[in-house]
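In what follows, a structure is listed as structure tokens, so that the remarks can point back to it.
Computation of the quantities below employed the complete heavy-atom set of this structure, encompassing side-chain atoms and omitting hydrogens, waters and symmetry-equivalent molecules.
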Amino acid sequence: MKLVRVHGAGTGLLVGPPGREVVVDISRGLEELRRSEPALVEALEPYFLAVGGSWLPLIERWHEVRDPLRTLAEIVADGQGVASAAQPLAGVRLDPPLPDPGVRIFALGGNFPAHAGGIAEIVDTPESVRTGAAGGNPPWGFYVIPGTVIGQDAVVTPPPGTRKLDYEAEVAVVLGGGEHEPGSEAIDIWGYTAWSDFSIRDEALGLMTLDHGPLTWSLCKNFRTGHSCGPCMVVDEPFPESGLGITCEINGELRQDGSTAGMQYTFATTAAHVSRYAPLAGGDMILSGTPAGTAIEGGLDGPYLKDGDRVEVGVEGVGVLRNDVVMRG
């Protein structure tokens, strides 16, 4: 199943073949089914009434909700009585499918050896970062401020004066279940989506000072519109052990082509490490890191993003996440 967040409305179901997808507003669909499917409505209504409501209650009680929701998805796919609640995907404005407005997001850094190696040749990188898991070192990364995340077709506008804006295609997973056992690699992945991580590389290339000191704010990542995710959240599907394909195209040119199978640190290993220090629970997100092919791997003359560029991140099973770039001064 694929869930979306409809701007100004609630949660929607995305159904149909590529190019002919429709979005069904779940709350409106349930209203249409109130007489014909009262038991189904009673089971699902508490979770889908609120506009922009949190998915955390849904995740917490997923064992009770999944079968009724799958039944609703089948009804939608068959076009049984919910036609007025359906709209073509192309005409629907989507918000980022975050589980909750205050979701905790842990982003892996340097998690694909070819990408990390390419950066190490350009930027002075500590040995522990270069060797990663091969050197017995733990996962590392940064925290994402949820308010910096935009959705499908939203515009990326870095701060004025940004000269070297990079693209990074990633996969984001949402943990399921209740509170995570500290240090455990036993995780339940409730859902996954495509993630676009936009990075200001000016400081890394010696062009400006943005952060200072042994602890930083990660402002090169956490600027307004610095992240995008979507267009949908794939739920109730097993995360493939063979990995998910990840691509990034800039104006139709393929720049990145990788798979989560190439991650140094798995989502489970990362959850185990983080949970030894910070509590993790259902609804928390972990980002995969990005494969090789980013602009910074080319140094100062790398193919950084320009005004008017279109960035399209594709994740197998999810679809294509699309954003345009507008540079400001």
Test of understanding: with side chain to side chain donor-acceptor pair (under 3.5 Å), list the residues that count as partners of [X], not counting sequence neighbours.
{"X": "N251", "answer": "D309"}
{"X": "E170", "answer": "none"}
{"X": "T270", "answer": "none"}

Please indicate whether [X] has more than 12 foreign heavy atoms, meaning atoms of other residues, nucleotides or ligands, lying under 6.0 Å from its [atom1].
{"X": "H212", "atom1": "NE2", "answer": "no"}
{"X": "E42", "atom1": "CD", "answer": "no"}
{"X": "R328", "atom1": "CZ", "answer": "yes"}
{"X": "D301", "atom1": "CG", "answer": "no"}

So which heavy atom on [X] is nearest to which on [Y], and how close?
{"X": "S199", "Y": "E168", "answer": "OG-OE2, 2.5 Å"}
{"X": "N111", "Y": "Y265", "answer": "OD1-N, 2.8 Å"}
{"X": "L321", "Y": "A194", "answer": "CD2-O, 3.7 Å"}
{"X": "L56", "Y": "G282", "answer": "CD2-O, 3.8 Å"}
{"X": "M285", "Y": "P99", "answer": "SD-CD, 3.6 Å"}
{"X": "D211", "Y": "E203", "answer": "O-OE2, 2.8 Å"}

With no hydrogens and no angle check, just 3.5 Å: does a side-chain donor-acceptor pair link W195 and S228? no
Side-chain donor/acceptor of [X] to backbone N/O of [Y], under 3.5 Å:
{"X": "D166", "Y": "I296", "value": "yes"}
{"X": "S288", "Y": "T260", "value": "no"}
{"X": "E21", "Y": "G19", "value": "yes"}
{"X": "R93", "Y": "V6", "value": "no"}

Test item: [X] and [Y] side chains (from C-beta on) under 4.5 Å apart, heavy atoms:
{"X": "C232", "Y": "T193", "answer": "no"}
{"X": "V274", "Y": "L280", "answer": "yes"}
{"X": "H227", "Y": "K221", "answer": "yes"}
{"X": "L108", "Y": "L287", "answer": "no"}
{"X": "V4", "Y": "P97", "answer": "no"}
{"X": "L69", "Y": "Y47", "answer": "no"}
{"X": "V65", "Y": "L44", "answer": "yes"}
{"X": "L89", "Y": "L94", "answer": "yes"}

Using the side chain to side chain donor-acceptor pair (under 3.5 Å) rule, pick out the option among H115, R201, Q256 that qualifies with T294. H115
Return the set of residues passing salt bridge (charged side-chain N to carboxylate O under 4.0 Å, His left out) with E31 (not counting sequence neighbours), or none when no residue passes. R34
[X] side, atom [atom1]; [Y] side, atom [atom2] - distance, nearest 0.5 Å:
{"X": "D95", "Y": "T11", "atom1": "CG", "atom2": "OG1", "value": "10.5 Å"}
{"X": "M263", "Y": "T269", "atom1": "CE", "atom2": "OG1", "value": "8.5 Å"}
{"X": "D100", "Y": "W55", "atom1": "CG", "atom2": "CH2", "value": "10.5 Å"}
{"X": "E74", "Y": "L13", "atom1": "CD", "atom2": "CG", "value": "11.0 Å"}
{"X": "D197", "Y": "C248", "atom1": "CG", "atom2": "SG", "value": "11.0 Å"}

Please list all pairs meeting salt bridge (Lys or Arg N to Asp or Glu O under 4.0 Å) that have one or both residues in [range], counting only residues at least two apart or in different chains.
{"range": "residues 249-267", "value": "E253-R255"}
{"range": "residues 223-236", "value": "R66-D236, R70-D236"}
{"range": "residues 278-290", "value": "R104-D284"}
{"range": "residues 263-275", "value": "none"}

Identify, with sequence neighbours excluded, every residue that meets ring pair (Phe, Tyr, Trp, His ring centres under 6.0 Å) alongside Y192. F239
Verdict with supporting geometry, I75 and E37, side chain to side chain contact (heavy atoms under 4.5 Å, CB included): CA-CA 10 Å; I75 291 174; E37 300 282 351; 4.2 Å; yes
Is there a side chain to side chain contact (heavy atoms under 4.5 Å, CB included) between W190 and V234 once you walk through the steps? CA-CA 8 Å; W190 176 75; V234 177; over 6 Å; no
Could you tell me how the ring of Y143 sits relative to the ring of F106: parallel (under 30°), tilted (30 to 60°) or perpendicular (over 60°)? perpendicular
In residues 144-164, what donor-acceptor pairs under 3.5 Å come from side-chain atoms, sequence neighbours left out?
unit_1	atom_1	unit_2	atom_2	d
T148	OG1	I145	O	2.7
Q152	OE1	R322	N	2.6
Q152	NE2	V320	O	3.2
D153	OD1	R322	NE	2.7
D153	OD1	R322	NH2	3.1
D153	OD2	R322	NH2	3.0
T162	OG1	P159	O	2.8
K164	NZ	L300	O	2.8

Only pairs under 3.5 Å count here: list side-chain donor-acceptor contacts from residues 171-187, not counting sequence neighbours, and write none if there are none.
unit_1	atom_1	unit_2	atom_2	d
H180	NE2	S184	O	2.8
S184	OG	A186	N	3.0

Tell me who clusters with L210, hydrophobic residues only, linked when side chains sit under 4.5 Å apart either directly or through other members. M208, W217, L219
Aromatic contact, F198 with Y167 (centres under 6.0 Å): no
Which is it for L72 and L33 under the side chain to side chain contact (heavy atoms under 4.5 Å, CB included) test, yes or no, and what are the steps along the way? CA-CA 10 Å; L72 177 61; L33 295 170; 3.6 Å; yes
Mind running side chain to side chain contact (heavy atoms under 4.5 Å, CB included) on V315 and T247 for me, showing each step along the way? CA-CA 7 Å; V315 169; T247 61; over 6 Å; no
